[in-house]
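To keep things clear, I will list the structure first and then write my remarks on it.
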2 protein chains.
Amino acid sequence: VGEAGQAVRVIVLGTGQMGSGIAALVLEKPGLALAGAFARRRERAGTDLGLALGRAGPLGLAIEADLARLLERVRPHVAIQATCSRLADAEPEIAACLARGVHVISIAEEMAWPAAASPERAARLDALARRHGAVAVGTGVNPGFVLDTLVVALTGVCAHVDSIRARRVNDLAPYGPTVLRSQGVGLAPEAFAAAVGAGTVVGHVGFRQSLAMVAAALGWELERVEEARRPIVSSVRRETAFACVEPGQVAGCLHTAVGFVAGRPAIKLEHPQQIRPEAEGIATGDEIEIRGRPHVRLAGSPEIPGGVATAALAVNLLPRVLAAAPGLRAMTDLPVPAAIMGGVRRA
Amino acid sequence: VGEAGQAVRVIVLGTGQMGSGIAALVLEKPGLALAGAFARRRERAGTDLGLALGRAGPLGLAIEADLARLLERVRPHVAIQATCSRLADAEPEIAACLARGVHVISIAEEMAWPAAASPERAARLDALARRHGAVAVGTGVNPGFVLDTLVVALTGVCAHVDSIRARRVNDLAPYGPTVLRSQGVGLAPEAFAAAVGAGTVVGHVGFRQSLAMVAAALGWELERVEEARRPIVSSVRRETAFACVEPGQVAGCLHTAVGFVAGRPAIKLEHPQQIRPEAEGIATGDEIEIRGRPHVRLAGSPEIPGGVATAALAVNLLPRVLAAAPGLRAMTDLPVPAAIMGGVRRA
């Protein structure tokens, strides 16, 4: 447990579902002090964070829409970012924190391996972090853990790796209209390809990050990535609170990505995202298979649930960030995070 | 790949099955140079290591039985120790290396978490390593990976952990008489308890290390450990090259260890070791189950094979050791090792 007056001051950027989950978890952990919250939406400013989290009473922390002012006022040690997915979108907030020496843990998917989206932005963040003695790192269940960090860890037992296949099957039933639309749920199969072409069906954000992370850890040179997004056409009726898919309609997106090394498909990642896969007897789950010396296969069903796991990773990574050397880091640069069941102590 | 003349010079301590496997793997990896081998058995001194490894020709490296002389002569960067299991037995060789600024990666089981066997020896090694700018770390498939590092990594996705159960089921069929005797293979059930009492049946060496490692990573205070060694009595005939067990005889040892935290059995580890479990329809495998928020379960069958995995971990950990701050480290202090498929570069 942190010594009196020595609690680690944490702010959360983002007060949506993920930001709220992270804030609630920070409040739970001895040694961490939730010092403030930033929301991009100006209309949230001034609302008490406790009420925004649905707690019985106020926390005495007003949500801020001015990040610079929040940083100056509460002088946090760490900011956890849950405002966006893309690096270009995430960078200004991260830079604002780093420039004040505030460490950043981001769940923006592209922050899992920033150079995959933009080597320039990655280099800029790294230089800024070093200059101000701060650490920036991206994490999350995927990218950030199941299809990359855990894969890398399992290769640690291998004298040689021929190829890697990892697959994560989840259920989109808990998600709302925005997520469902991004996976093509409810479309006619004929409309799916056009929606992918138009960029309205996105599939998973993170394959390029995971592939780059795994390849870099093994010392493989990733030559190119082939991605495919195919419709998962349902043969039965599937229904959730937000969608109803009839037989013959699209229940989700089978997104795959293959990383080529030395001309061979060396890393294959699969992430079919659909509503109610169990309606057709498909179990959700995570599966990693490494072909090499030795072969290694590890699997679990159901899948590690994305929401709570991403929030947990962001908070559990905090002691690793406090102990790391300044700069832009990846999950594979740090000791693996562990569930924080004791307290957190500043270095 | 290491730059010309910049190869990392590695020596191997131990030329038994594990030491030989490690030496062969070091020879495979670009950027690593096998610089020598030490054997405790004086009769091995002078034998060419290539011949000892069963290679077609000599390597031009004579096995040394004088560790100090070997260290002075080849001035290695890293020594990989595969000579023993116990810390008391491992310490003098490790200390000899550290005192010359040579990093040590040890597969001695008790080196996975040295303080579990002796806080005094652990503190001494840590001080020595720091004084000479060197790193010492213990690894191996178990302890070192399956029942500890991998468990810790999986708790990283948890907002809360109630309890942990992990189980590793292996097959002793490949092992010789010494290992089989240590698990009670071939005994009458009535003789088993006495053999445990006399210390001839040992079970698994490493539970206390794994329990301490997991508890420390989570910030749990481990109050006490309860171990049990029970005979696995076969109901069928089981045969290997080194043993034949009749129905009613002991096929192996079911060794379990429970770590208590706040009065509760918080971590339960199970490692039944027997010959030919498949003869009774028991599959070998690794399984980790975390009860918490969320529940996490990951399993694989067959088990990650111990010999090759331990050799791989020892070698794959090398880049992490070269990058670590001086001192005595545990697997959970370092970024997870990855299979080395490129080269190794000195920091």
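All values below come from the heavy atoms of this structure, side chains included, with hydrogens, waters and symmetry mates left out.
Proximity to chain A (any heavy atom under 4.5 Å) is restricted, for B:Leu334, to the backbone atoms N, CA, C and O. Both the backbone and the side chain of B:Leu218 come within less than 4.5 Å of a heavy atom of chain A. Looking at A:Ile304, only its side chain comes within 4.5 Å of chain B, counting heavy atoms on both sides. At a 4.5 Å heavy-atom cutoff, the contact between B:Val296 and chain A is made by side-chain atoms alone. Only the side chain of B:Leu150 has a heavy atom closer than 4.5 Å to any heavy atom of chain A. B:Ala299 touches chain A through backbone and side chain together, each having a heavy atom under 4.5 Å away.
In terms of non-hydrogen atom pairs under 4.5 Å with chain A, the most contact-rich of B:Gly219, B:Ala338, B:Gly300 is B:Ala338. For the set B:Ala217, B:Ala314, B:Ala153, the count of heavy-atom pairs under 4.5 angstrom toward chain A peaks at B:Ala153. The residue among B:Asn316, B:Thr310, B:Val141, B:Thr149 with the most heavy atom pairs within less than 4.5 Å of chain A is B:Asn316. For the set B:Val336, B:Val151, B:Val157, B:Val315, the entry with the most heavy-atom pairs within less than 4.5 Å of chain A is B:Val157. Across A:Leu154, A:Ile340, A:Asp286, the residue that shares the most heavy-atom pairs under 4.5 angstrom with chain B is A:Leu154. Chosen from B:His295, B:Lys29, B:Glu28, B:Glu289, the residue pairing most often with chain A at heavy-atom distances under 4.5 Å is B:Glu28. Among the candidates A:Gly156, A:Pro302, A:Ala312, the residue making the largest number of heavy-atom pairs closer than 4.5 Å to chain B is A:Gly156.
In terms of modelled atom types and a separation under 3.5 Å, the side chain of B:Ser301 and the main chain of B:Thr284 share a donor-acceptor contact. Remark: side-chain polar atoms of A:Asp126 are not paired, donor with acceptor, to backbone N or O of A:Ala122 under 3.5 angstrom. Put simply, the side chain of B:His271 gets close to the backbone of B:Arg168: a donor and an acceptor are under 3.5 Å apart. With hydrogens and angles ignored, the 3.5 Å screen pairs a side-chain donor or acceptor of B:Thr155 with a backbone N or O of B:Val152. Panel note: side chain B:Arg165, backbone B:Arg291; no donor-acceptor pair is recorded below 3.5 Å.
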Worked check of salt bridge (charged side-chain N to carboxylate O under 4.0 Å, His left out) between A:Arg297 and A:Glu287: CA-CA 7 Å; A:Arg297 185 181 170 279; A:Glu287 183 190 346; 3.4 Å; yes
A:Leu317/A:Met331 under side-chain contact (heavy atoms from CB on, under 4.5 Å): CA gap, chis, key distance, verdict: CA-CA 9 Å; A:Leu317 201 51; A:Met331 284 287 281; 3.8 Å; yes
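Between the side chains of A:Glu303 and A:Asn170, no donor-acceptor pair is found at a separation under 3.5 Å.
The nearest pair of heavy atoms linking A:Ala339 to B:Cys158 is CB-O, 3.7 Å.
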